[in-house]
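Input: a single structure, listed below in structure tokens.
Any value given below was found using the heavy atoms of this structure, including those in side chains, with hydrogens, waters and symmetry copies removed. Naming: A, B, ... by sequence-line order, numbering from 1 per chain. As the structure is a prediction and not an experimental result, all values here were calculated from the model.
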Amino acid sequence: MTELIQQLVDGLGRGGEYALIALGVGLIFGVMRMVNFAHGEMITVSAYASYGLFVVGASWWILVPAIVLTAVLTSVLVEFVAFRWVRSSSDFAMLLTSFGVHFVVQAAFVMFVSASSRHFDRPGWITSTVSLAGIRFEVVDLAIVAATSVSLVFTVWVLQRTVYGMAIRAAAEDFDTARLLGVRPDQVIRVAFALAGLLAGIAAVFVLMRTGRAAPSAGLIPMLKGVLAALIGGLGRLQGAVIGGLLLGLVEILLVSYLPDEIDGMVNGIVFVLVAVLFIFRPSGILSARSSQRP
Amino acid sequence: MKSAGSDRSRRRHPGTFRTVRHKLVCGVGREWIVADLAGAALLFAAVSLLGLGYVAGGDGARESLFTTLLINATVVVGLQVFLGNTGILSFGHVGFGAVAAYAFAILAVDVEWKQRLIGDAPFGLAETSIPPLLAISAAIALTLLVAAVVGLGIVRSGSARGDIAATVITLAVLFAAYEIAINWTDLTGGNRAGISFRPGTAMSGRSYAYAAFALALVVARLYRSSRSGRLARAAREDDLAARALGVNPAGHQMLALLLSVGLVALGACLRVWLTGTVSPERFFIDYTLLTLTMLVVGGRSSVTGAVTGSVVVTVLVEFTRTVAGPEVDTGPFDLVIRPGLTDVCLGLAMLGFMILRPNGLLHDREITDLPLLRRLLRLDRLAEHRHAVAATGPGTAPPQLQASFGSQAGPGSQAGPRSQSGPGSQASLGAGAAPAGAVNDKRLTVVDLCVEFDGLAVLSKAHLSVDRGRICGLIGPNGAGKTTILNVLNGIVPAVSGRVTLGGRVLDGLPSHQRARAGVARTFQNLRLFDDLTVRENVEVVALAHGASRSAARRRAAEMIELNRLTDVAMRRAKDLDYGASKRLEMARAAVSRPSFLLLDEPTAGFTEAESRLIVEQVRIVAERIGCGVVVIDHDLGFITAICDEVYCLDQGSVIARGTAAKIRSDPAVRSAYTGE
């Protein structure tokens, strides 16, 4: 029982990270109808930014806001440089554009820094645990659960209460109609990317605290998990992204704990196959979006 | 149109002699096979000459680079078969390649050497070894088996709801193959070592690479012009419209996947055999990037594009290697493990093409589309000749069209007399189009139809009954449920309750494409053409979907194109048409399937009154020619009055009036629905 609760919290911690990334993927899908395979690059770039700051002796108090800021800037910049130009292209072109962005960023770090990863110190408390009611929790998991909750509340507030948020939601429902009603596409898309960058930045903080590592492909796996989570929940449904993320985190933790050791390294592959099987039965995710589209 | 018919009958005579002579003269009876084989041969010759010239002036490194190019081109052409024809983005083909590569290496490495690498391999694999060619065949067979299983998932999620679910399934293939290769060390040798051949037993010479490349070219070209390839491309352009017009994409996507994976597997085996080694990284994201870039740079919709892209990107990669300098040089074989610059350039190439030229250098043009080559190969004359033979040959003549004018007896007893207010209204549409006796059971009926969206009733107990040969109008204010009835009729929207029958056959529960084949065709209010296909292809592909042979499809398409005044733009892409021509193409495309019932969704929307009058004539002519019934939605009451035998008025999901147009116009309930009085 105790073990199960520990695993649940562990899973929620991991799932929280995925949820933050998935929410960004969902936001961008909402305004652009594009699944962003470059969504992990925010994490990669902020990893190198924090490595650079670490080298000159900055503490985590500086690193955390720097990571978040870098992620936001990267997100907006990528939109400006690449995605702006394929806005009305086919799905195929948009997917490959984001795939291309992913590669250019990754290869640029290989070229200009190194193919091998750079390490920096993780904060001292990262491995410490606290006991609550006889159950030991990792502090970082609790921190993630707390930060995720706050971020989600913030996102909901932005989406529900601010003009930009309403514009994003309207655009996610029906972009063309929103445009006809005066929503400015450039602005909505930029705000969506900034918000997605912010959420990815918060996720990046925890990813980097856990790993203490900057590598050219640092963003790949978190991005894939975020995309999977968004798809599991049903693209275009923001609450679905959160549910998908948490579910994915839980399933992973359970797989890690209960799979035999020999195939421990195959968790990612197994998760992929499970999701693929899910798609065979529910191609549009668990919370299927309404299909009342007018042909 | 009448003159076309009489022309045909004048020319009708036994076609056997002509066919025989034609085959003697041309050797091959089908111009598309000539074009495909010639196209493959030309590409093969061009690449070979280029390569031989390059190799002649250099050393062994050039030799192996050229062989690598041939193998990569085989893989890229394989990718083209699936990505180009179905439009589904796949990251998984390299994963399938990994399966084939490992299967090949495990089977083909000699026993003694294998004992040192993977002595603990399960299933007794460590003790057996088979000759390389046999091993390649076995590896391809195994990979096809895997692909068939995965393919079930891909075609199920298919392109119907956006490609993304299918794309993620392919990603799963890539990652699963990679992780199995890393973790199942007994079988695969794990991450670092992988499996390598005993030095000196790797492939030597280029003959296998040549053979594989040639095979890939022929398969890709033949598939491209095959019925399956063309139907897959229709679904690529618009899945929903393709289904509504009778195409069931699943089988075609599966066939494309299997052919494609087969070629990729062949290329992967040769890649392993050539380099003498396989490891997880060699068939993972880097190789995916390389091959996808090759495909999209050249143009994914054409085989020539795939080959061009392979050559161009190979040159680019070699150039970046030279620029990057000798210190990063790790030997001649590997194009893809080079760090940094090469990947940046590949990524930028992919990005640049997706942004500036998403269709690649060649879009869907093939080498045989060059006017000079067409003339040299006499492709056009072959086509004409073939066409003529087909048109006059026995058994290929179209069914007699007996759309008779003024035939006695309106088929439905409940149908009122035609309104006499429209031009040409005395020419009542004949009921004799179908074989006598079958006429009266060709009735389309809708009974007690209820449809809900999110609990909101859109249709409640709507009903409709149309006989073949009659034209029935559906009017009503916006949101009355008119288009929804059409959507239910052809299976796009499910009904909560109610029944749809066609000639006594219950259609409820049938998927779109089966309804289309049962005889219900439609047009779309907001144009859902196959944008990237030409006008002729748009029409032909629907005829193909309804079982016409390729020459019959061409002839039927030509007839419909002429009937709908599209002859001048027949070779233009649908997306380049003006609005009027697009609307006419919608009609031609639906009509070419010779449906029993043609459903038209707002054919006059966006037209002036004078243009609407032309459409009255067009609808009549088309309906007469194919002898079908018509259900037409429109807001233009003048149009409706001019064309319809009977009119239904819908309001808030129910039929509030039915009868002749004149009667409907004076109906108080209709007036209040329209004006809110």
Side-chain angles (χ1 to χ4, degrees), chain A residues 29 33 35 81-82 85-86 89-97 99-112 114-115 217 220 224 227-228 231 235 262-277 279-285 288-295, chain B residues 83 87-89 91 150 152-153 156-158 160-169 171-173 175-180 182-184 240-241 244 285 289 292-293 296 300 339-352 354-356 358 453-454 483 487 492-493 524-526 528:
Chain A
F29 184 82
R33 302 283 132 184
V35 174
V81 172
W85 314 107
V86 293
S89 303
S90 63
D91 289 352
F92 192 100
M94 288 203 282
L95 280 176
L96 272 189
T97 305
F99 192 63
V101 168
H102 163 75
F103 266 100
V104 171
V105 173
Q106 179 181 338
F109 280 116
V110 171
M111 199 166 121
F112 294 112
S114 163
S217 58
L220 177 63
L224 286 173
V227 169
L228 284 189
L231 286 163
L235 272 174
E262 305 93 72
I263 52 172
D264 220 29
M266 294 180 56
V267 169
N268 287 339
I270 293 170
V271 166
F272 257 112
V273 172
L274 286 180
V275 174
V277 172
F279 284 159
I280 293 172
F281 297 102
R282 307 275 325 234
S284 33
S288 322
R290 278 162 301 154
S291 54
S292 58
Q293 161 219 22
R294 248 169 106 102
Chain B
L83 276 71
I88 298 173
L89 177 57
F91 292 115
V150 175
L152 289 178
R156 227 190 94 81
S157 55
R161 297 170 226 204
D163 301 336
I164 189 66
T167 300
V168 169
I169 291 176
L171 256 182
V173 172
F175 273 77
Y178 177 72
E179 296 213 330
I180 290 171
I182 285 183
N183 287 287
W184 198 352
L240 190 143
I285 291 192
L289 172 71
L292 278 179
T293 309
V296 299
R300 65 182 186 276
L341 185 65
T342 302
D343 277 355
V344 171
C345 289
L346 287 177
L348 283 177
M350 176 180 280
L351 208 54
M354 284 301 108
I355 291 173
L356 301 172
F453 292 154
D454 285 344
T483 297
N487 287 344
I492 295 173
V493 166
F524 291 91
Q525 181 181 348
N526 36 6
R528 300 190 74 122

Part of Leu224(A) lying under 4.5 Å from any heavy atom of chain B: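 Contact with chain B: side chain only.
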
Looking at [X] and [Y], what are the two nearest heavy atoms and their distance?
X: Val104(A); Y: Leu348(B); answer: CG2-N, 3.4 Å
X: Ser90(A); Y: Arg300(B); answer: OG-NH2, 4.1 Å
X: Phe92(A); Y: Val296(B); answer: CE2-CG1, 4.1 Å
X: Leu171(B); Y: Phe272(A); answer: CB-CE2, 4.0 Å
X: Val344(B); Y: Met111(A); answer: CG2-SD, 3.9 Å

CD1-CG distance between Ile355(B) and Leu96(A), expressed to the nearest 0.5 angstrom: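 Spacing of CD1 (Ile355(B)) from CG (Leu96(A)) equals 11.5 Å.
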
Between CG on residue Leu289(B) and NE2 on residue His102(A), distance to nearest 0.5 Å: 8.5 Å

Parallel, tilted or perpendicular: ring planes of Phe99(A) versus Phe91(B), cut at 30 and 60 degrees: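 Aromatic pair Phe99(A)/Phe91(B) classed tilted.
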
Heavy-atom pair count under 4.5 Å with chain B, highest-scoring of Leu274(A), Val86(A), Asn268(A):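 Option with the top pair count is Asn268(A).
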
Residues in side-chain contact (heavy atoms from CB on, under 4.5 Å) contact with Val271(A), at least two apart in sequence or another chain: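 side-chain contact (heavy atoms from CB on, under 4.5 Å) check on Val271(A) returns Leu228(A), Leu248(A), Glu252(A), Leu255(A), Val267(A), Val275(A).
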
Those residues that, when tested against Val101(A), pass side-chain contact (heavy atoms from CB on, under 4.5 Å) (two or more places apart): Ala38(A), Val78(A), Ala82(A), Phe83(A), Val105(A), Leu351(B)

Contact origin within [X] toward chain A - heavy atom pairs under 4.5 Å:
X: Val150(B); result: neither
X: Ile182(B); result: neither
X: Ile285(B); result: both
X: Met350(B); result: side chain

Option that, when pairs with chain A are counted at under 4.5 Å, heavy atom only, ranks first among Ala349(B), Gly347(B), Ala176(B):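 Heavy-atom pairs under 4.5 Å are most numerous for Gly347(B).
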
Derivation of the side chain to side chain contact (heavy atoms under 4.5 Å, CB included) call for Thr167(B) and Leu95(A): CA-CA 10 Å; Thr167(B) 300; Leu95(A) 280 176; 4.2 Å; yes

